[in-house]
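Only one structure is covered here, and it is reproduced in the block below.
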Amino acid sequence: MNAPIPQRTIRSVCPHDCPSVCALDVDILPDGTVGRVRGAKDDPYTAGVICEKVARYAERIHHPERLTHPMRRTGPKGAGQWRRISWDEALDEIAARFLEIEEKHGPEAIWPYFYAGTMGHVHRDGIERLRAVRGYSHQYDTICTGLAWPGYIAGTGLLGGVNPEQMAESDCVVIWGTNAVHTQVNVMTHAMRARKTRAAKILVVDIYRNATMEQADLGLVLRPGTDGALAVATMHVLLRDGLADRAYMAEFTDFSPEFEAHLATRTPEWAAGITGLTVAEIETFAHLIGKTPKTFFRLGYGFSRQTNGATAMHAALSLPAMLGSWQHRGGGAFHSNSGTWNLDKSRLEGTHLQKGTPRVLDMSEIGPILTGNAAALQNGAPVHAMIVQNTNPACVAPDQALVRQGLLRDDLFLVVHEQFMTETAELADIVLPATMFLEHNDYYTRGGHTRILYGPAVVDAPGEARSNHDVINALALRLGSTDPTFSTTDREVVAETFARSGLPTLEEVEKTGFIDKERPDDVARFAKGFGWPDGRYRFAPDWDEVARRKGYRWVCDPSIMPRFADHWDITEKTDAEHPFKLATSPARAFLNSSFNQTAGSLKREGEPSVFIHPEDAARLAISDGDAVTVGNHRGQVQLTARVFSGLPTGTLIAEGLHRNKAHRGGQGINMLTSAQPAPPFGGVPFHDAAVWIRKSALTQA
Ligand SMILES: Nc1nc2c(c(=O)[nH]1)N[C@H]1C(S)=C(S)[C@@H](COP(=O)(O)OP(=O)(O)OC[C@H]3O[C@@H](n4cnc5c(=O)[nH]c(N)nc54)[C@H](O)[C@@H]3O)O[C@H]1N2
Ligand SMILES: Nc1nc2c(c(=O)[nH]1)N[C@H]1C(S)=C(S)[C@@H](COP(=O)(O)OP(=O)(O)OC[C@H]3O[C@@H](n4cnc5c(=O)[nH]c(N)nc54)[C@H](O)[C@@H]3O)O[C@H]1N2
Ligand code: SF4
Ligand SMILES: [Mo]
């Protein structure tokens with residue numbers, strides 16, 4: 001008998017789409033399987049803490065429903081009838097069909113589609129090489145960051161902020177529109193340190209009393225989509241009560257008499273009418289942040305998932321500029337550091353291979369695109385084939401009815417490379433099994449912090465699962481490309497990207513697992529000026545310049561944008577038929593649609609449900625636990641009512657992306673959300689849907 005291999009612990013990185021990007025210590029058991037997963041104690045941001053869903057990763061990586069071999073559908077689309085095929089058979093058919101479609105309809109009829117199932121750059125972005133070398137349609141990445149990022153850049157000129165570890169040195173941490181306890185638990189670690197060591201106050205701004213607000217000293221629960229009003233009324237109070245830092249504004253911002261006159265009209269009384277907050281709440285908030293120099297604004301994605309989300313982000317970000325919070329250690333703002341990496345990914349993404357200048361299709365408009373919406377298709381030809389990696393649009397994309405209808409088209413050849421039989425994979429012609437992060441090599445940038453981390457392959461992939469990189473290589477070779485990039489290993493691409501970007505060698509990085517890209521503190525807090533030619537923060541954004549710099553494209557008439565930081569009243573309106581606003585806030589134990597098939601997560605989340613205020617429930621004769629239907633002109637969804645006083649009347653909250661089939665009736669929450677690109681540059685208002693709610697009929701399928 002062979003001597004058993006001793007258990008070992010390896011350093012890795014959480015690959016999921018979460019700003020924390022935790023450094024992990026993973027136990028590899030003697031039989032080569034994954035045991036316990038812990039947060040690395042010696043990583044200053046992770047600090048030994050990870051979320052419960054990843055702590056239970058063994059459940060996910062060794063899940064009995066992992067896909068293990070390629071399959072071809074044998075029945076009608078979506079019927080669930082499959083035949084196991086070999087990789088050669090699968091790749092041959094895909095290549096043949098792609099070539100046939102290129103020939104008949106042109107390369108733009110093929111649309112590779114991906115998102116951030118893994119945040120490893122090689123296995124996430126490497127699909128761009130295939131797109132480039134064949135001249136396939138491009139993807140406009142809007143689904144997550146399309147509203148938040150432009151809103152932030154409009155103010156600072158750069159997507160970066162103060163090292164979030166400095167929250168621990170703050171006297172007041174404002175957690176705005178992020179349910180950090182659910183979505184990036186490490187924010188709480190550093191905020192709580194400030195409370196413990198400095199008696200710092202924790203303020204939370206959200207649309208319901210979520211798990212993060214439960215931990216706050218002051219919680220502001222406002223109506224969805226009204227954050228801009230809170231922000232400008234707060235600025236009104238700061239100016240009125242002598243709490244604005246006029247010297248800072250004179251040196252570092254474009255503050256002007258016109259902006260001051262504009263704010264004079266944005267009274268707390270005006271904002272109270274819009275936000276549903278009281279004047280006293282707005283004034284308390286203004287006084288607390290106004291009298292605390294070390295105030296740290298942790299701005300999340302949640303409040304940007306409103307139709308006016310870009311302007312709301314800009315308005316909230318304008319508070320630290322008026323207060324001069326950026327001047328003080330422990331003060332300032334942070335949303336994402338994704339604008340600070342300066343990596344050369346030209347080989348990884350195959351920029352050198354680009355053939356022609358194909359159209360760029362908006363990923364969030366996948367429903368309208370696949371159902372022939374001419375504007376969404378940019379008046380071009382229909383899409384006839386897709387290869388999908390790292391995303392599950394049939395669950396996560398807006399206007400699910402259209403997404404499903406489109407993916408079911410008989411004249412769409414759909415290839416889905418997945419770890420699980422997701423809603424999207426169920427509709428495929430060919431399904432390919434994918435590896436997980438501990439089964440391939442990749443590097444990861446930490447949007448919510450300052451490090452680049454490396455995660456090596458340490459366990460065997462199940463069955464015949466192959467990595468994204470290997471599948472793209474194999475396909476490109478079959479399609480006739482001879483470029484050496486398609487003969488590389490994932491490790492080689494990591495090493496090459498580090499080298500091109502002037503980073504330490506991969507061998508060097510492997511010793512610790514990370515590279516620290518922390519910028520000098522004065523740079524991070526814009527002490528030498530903001531990212532505009534005049535170095536001034538912009539209360540009056542130049543959205544055109546934002547678009548030019550970042551390659552965004554306008555989806556509205558630029559002249560309709562508010563001139564200054566403001567509340568922009570363009571969210572979806574309630575009416576007699578749709579008297580409620582629904583937000584689809586994140587669940588704690590799911591990550592988008594990932595983990596919604598693991599036992600521990602399912603146990604915690606229970607059945608798909610919706611929070612409703614007791615007064616609304618009473619009026620509609622809805623009791624806690626009742627089956628309810630929520631609907632609008634886009635579709636209907638079955639949920640279970642949870643009567644809860646922690647949200648405003650007229651607001652509904654459904655947490656999480658449960659599996660579509662977990663809902664009675666089989667339709668997921670995105671039946672209700674809109675795929676209409678939100679101004680100025682696109683993006684999805686996931687938390688902004690006008691709906692009705694009623695008790696479901698008693699007869700349930
Ligand atoms: N457990 C878990 N973790 C996750 C995810 C998950 O689904 N589950 N998703 C991951 C991904 S991809 C991302 S991008 C991040 C996102 O993480 P966050 O930055 O936290 O953003 P959201 O998840 O959209 O929503 C955060 C909060 O915004 C609130 N909100 C909605 N509308 C408004 C509004 O108008 N104003 C205010 N003030 N608040 C509002 C919601 O109720 C919610 O509590 O989290 C990542 N981490
Ligand atoms: N209603 C509503 N909808 C939302 C949101 C919301 O708040 N409300 N949030 C939105 C946001 S912020 C985002 S970012 C999107 C995200 O949506 P998605 O990017 O679709 O995220 P996930 O649902 O986690 O799906 C990722 C998929 O990738 C697969 N995967 C993971 N790693 C790999 C890999 O290495 N290779 C391959 N081939 N596959 C892999 C996983 O199994 C999973 O099925 O969802 C959006 N949808
Ligand atoms: S999902 Fe987020 S909090 Fe959880 S381990 Fe991954 S990076 Fe950390
Ligand atoms: Mo996201």
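Because only heavy atoms are used, hydrogens play no part in the values below, and waters and symmetry mates are left out as well, while side chains stay in. As the structure lists them, so they are numbered: ligands from 1, and atoms in each ligand from 1.
- The aromatic ring centroids of H469 and H440 lie 6.0 Å or more from each other.
- The residues lining ligand 2, counting any heavy atom closer than 4.0 Å, are D17, R60, Y115, A116, G117, T118, C144, R305, N390, T391, N392, V396, H417, E418, Q419, T422, A434, T435, H440, N468, T584, L591, N592, S593, S594, L657, I669, N670, F686, H687.
- We find that R634 and D399 are not joined by a salt bridge, their nearest charged nitrogen and carboxylate oxygen being 4.0 Å or further apart.
- By the 6.0 Å and 45° rule, R124 does not stack over the aromatic ring of F114.
- In summary, the aromatic rings of H335 and Y301 are positioned with their centroids under 6.0 Å apart.
- If you look at atom 6 (Fe) of ligand 3, the protein N, O or S atoms less than 2.8 Å from it are C14 SG.
- Annotation: cation-pi geometry not satisfied between R72 and W82 (NZ/CZ under 6.0 angstrom from ring centroid, within 45° of ring axis).
- S601 contributes a side-chain N or O that, together with a main-chain N or O of A589, makes up a donor-acceptor pair within less than 3.5 Å.
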Please output the side-chain donor-acceptor pairs of residues 362-369 that fall under 3.5 Å, not counting sequence neighbours, one pair per line with the distance.
| from | atom 1 | to | atom 2 | distance (Å) |
| --- | --- | --- | --- | --- |
| D362 | OD1 | T142 | OG1 | 2.5 |
| D362 | OD1 | S364 | N | 2.9 |
| S364 | OG | T142 | OG1 | 2.6 |
| S364 | OG | I143 | N | 3.4 |

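- Residues forming a side chain to side chain contact (heavy atoms under 4.5 Å, CB included) with E165 (at least two apart in sequence, or on another chain): P44, Y45, N163, H190, H449.
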Could you walk me through whether N308 and T571 satisfy the side chain to side chain donor-acceptor pair (under 3.5 Å) test, starting with their C-alpha distance in whole Å, then the side-chain angles of each, then the deciding distance to 0.1 Å, before giving a yes or no?
CA-CA 6 Å; N308 61 7; T571 49; 5.2 Å; no

